[in-house]
Amino acid sequence: MPSVTPAEHLAEVLDRYDGSPTPRLAEITKALIRHLHEFVAEVGLTREEWFAGVQALTRTGHMCDGQRQEFILLSDTLGVSMLVEMINHAAAEGTTEPTVFGPFHVDGAPRREMGESIAADPTGAGEPLVITGTVRDLRGRPVEGAELDVWQAAPNGLYDVQDQQQTPMNLRGVFTTSADGAYEIRTVRPAAYPIPGDGPAGELLFANGRHNWRPAHVHFVVSAAGHKTVITHLFDSTSDYLDSDAVFGVRDSLIVDMSGGACAYDFVLEALD
Ligand code: BEZ
Ligand code: FE
């Protein structure tokens, strides 16, 4: 019989974190400790496995720089990023559902006129696509002056920031709705693409028999004065991987028909009171 049991050990560790001057930090730290202890005990983690985990996290840190955030990728592929969205930005009934932001948004995308194309480079094999619709509130009233910040990967599956061959700001733009809440975006039909798989997040996916693909999608941040901003995507209904998105971002309400060169979607925002 050990002189200190795992339960007594946990109680002592938690006790020592009782004196935090920041109640929220204490709550988060103690919950993290409890879950980590439970996890180690549940799987009977060996010293070798613990060290393999330490090494994987070390490599994760080493992969991070101004362009690459491997910890976020790990969070995405473990479903944690989506859970944070679900908890903090649950859509009010009838409003557009949110999904993951992803690491490829760039501030300061060019402002675009109604119907303008976001393609700065020849689109190659990409099929032309016009996305039209409105931004409305829950009562169906059009929202004038709403901004749609739009970005997507090129037909080769890469964002401009990942690809030296693309013009900076290719396939990005900020559109503004007209008085009737309408918007119109010219682009190219998105393609499914793999998220970076050459780091520890990818290793964990592949070692568990998972793939690193995301279904074809276009990203949106839709915002308007006096309304709750929604971060979301529109997914192509014919895409592969809709039921196995590497980052768990697909929602049925965001799947649209992009065939025939056109696609329609009405965004619904919640008015702030
Ligand atoms: C994206 O859709 O851009 C994305 C989201 C999560 C991880 C990697 C990419
Ligand atoms: Fe994306």
Side-chain angles (χ1 to χ4, degrees), residues 60 63-89 96-109 118-121 123 126 129 131 148-163 166 168-174 185 187-206 208 210-222 229-251 253-256 258 263 265 267:
T60 302
M63 285 221 68
C64 295
D65 57 27
Q67 298 297 318
R68 178 81 179 254
Q69 230 306 348
E70 190 71 8
F71 275 110
I72 293 188
L73 222 44
L74 196 55
S75 157
D76 294 339
T77 52
L78 294 174
V80 175
S81 307
M82 193 61 204
L83 180 60
V84 171
E85 291 303 318
M86 289 162 70
I87 290 170
N88 291 285
H89 301 285
T96 299
E97 282 194 278
T99 187
V100 285
F101 190 43
F104 297 122
H105 177 261
V106 173
D107 286 334
I118 57 173
D121 293 334
T123 51
L129 176 69
I131 309 176
L148 297 98
D149 190 341
V150 184
W151 70 106
Q152 69 173 85
N156 67 358
L158 296 171
Y159 287 85
D160 57 346
V161 290
Q162 297 175 288
D163 183 2
Q166 289 181 49
M169 298 293 180
N170 186 37
L171 295 172
R172 297 179 188 275
V174 179
I185 300 161
T187 184
V188 57
R189 194 168 179 175
Y193 66 83
I195 63 170
D198 57 343
E203 281 165 28
L204 193 62
L205 281 178
F206 304 143
N208 281 291
R210 289 188 58 205
H211 65 71
N212 60 334
W213 285 78
R214 295 216 66 203
H217 61 274
V218 179
H219 291 256
F220 291 85
V221 176
V222 185
T229 296
V230 66
I231 295 173
T232 194
H233 306 351
L234 293 182
F235 293 93
D236 184 333
S237 60
T238 65
S239 180
D240 289 333
Y241 312 111
L242 284 168
D243 57 0
S244 63
D245 181 6
V247 304
F248 307 96
V250 180
R251 294 293 177 266
S253 66
L254 303 176
I255 299 175
V256 296
M258 294 184 178
C263 144
Y265 190 85
F267 292 93

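One-based numbering, in listed order, for ligands and for the atoms of each.
Inspection of the D245 and H217 side chains reveals no N or O donor paired with an N or O acceptor under 3.5 Å.
For atom 7 (C) of ligand 1, the closest heavy atom belonging to the protein is D76 OD2, 3.1 Å. Taking atom 1 (C) of ligand 1 as the reference point, the nearest protein heavy-atom neighbour is Y193 OH, 2.8 Å. Nearest protein heavy-atom contact of atom 5 (C) of ligand 1 is G102 CA, 3.5 Å. The closest protein non-hydrogen atom to atom 9 (C) of ligand 1 is P103 CD, 3.4 Å.
Under a 4.0 Å criterion applied to the non-hydrogen atoms of H219, ligand 1 contributes the atoms 1 (C), 2 (O), 3 (O). For ligand 1, the atoms lying closer than 4.0 Å to a non-hydrogen atom of H217 are 2 (O).
Considering backbone and side-chain atoms alike, R214 places an N or O below 3.5 Å from some N or O of ligand 1.
Heavy atoms of L73 found under 4.0 angstrom from ligand 1 belong exclusively to the side chain. Contact annotation for F248 and ligand 1: no heavy atom of the residue comes within less than 4.0 Å of the ligand.
Judged by the shortest distance from any of its heavy atoms, H105 lies outside the 4.0 Å radius around the atoms of ligand 1. The shell of residues lying under 4.0 angstrom from ligand 1, judged by heavy atoms, excludes F101.
Partner Y159 forms a side chain to side chain donor-acceptor pair (under 3.5 Å) with one of H105, Q166, Q152, H219 and no other, that one being H219. E97 pairs with exactly one of M86, R251, E85 by the side chain to side chain contact (heavy atoms under 4.5 Å, CB included) rule, that one being R251.
Between F267 and Y265, the ring planes are perpendicular. Angles over 60° get that label, and only those under 30° would be called parallel.
Heavy-atom minimum distance, V250 versus P215: CG2-CG, 3.7 Å. When every heavy atom of A109 is checked against every heavy atom of R172, the shortest pair comes out as CB-CB, 4.0 Å. Closest non-hydrogen pair, P196 versus Q162, comes out as CG-NE2, 4.2 Å.
Partners of F206 under the ring-ring contact (aromatic ring centres under 6.0 Å, His included) rule, at least two apart in sequence or in another chain, do not exist in this structure.
Counting only protein N, O or S atoms, 4 lie closer than 2.8 Å to the Fe ion (ligand 2).
The residues D76 and R214 are annotated as not salt-bridged, no charged nitrogen and carboxylate oxygen being separated by less than 4.0 angstrom.
Of the possible donor and acceptor atoms, none in the side chain of S75 sits under 3.5 Å from a partner among the backbone N and O of F71.
The distance between the ring centers of Y241 and H211 falls below 6.0 angstrom.
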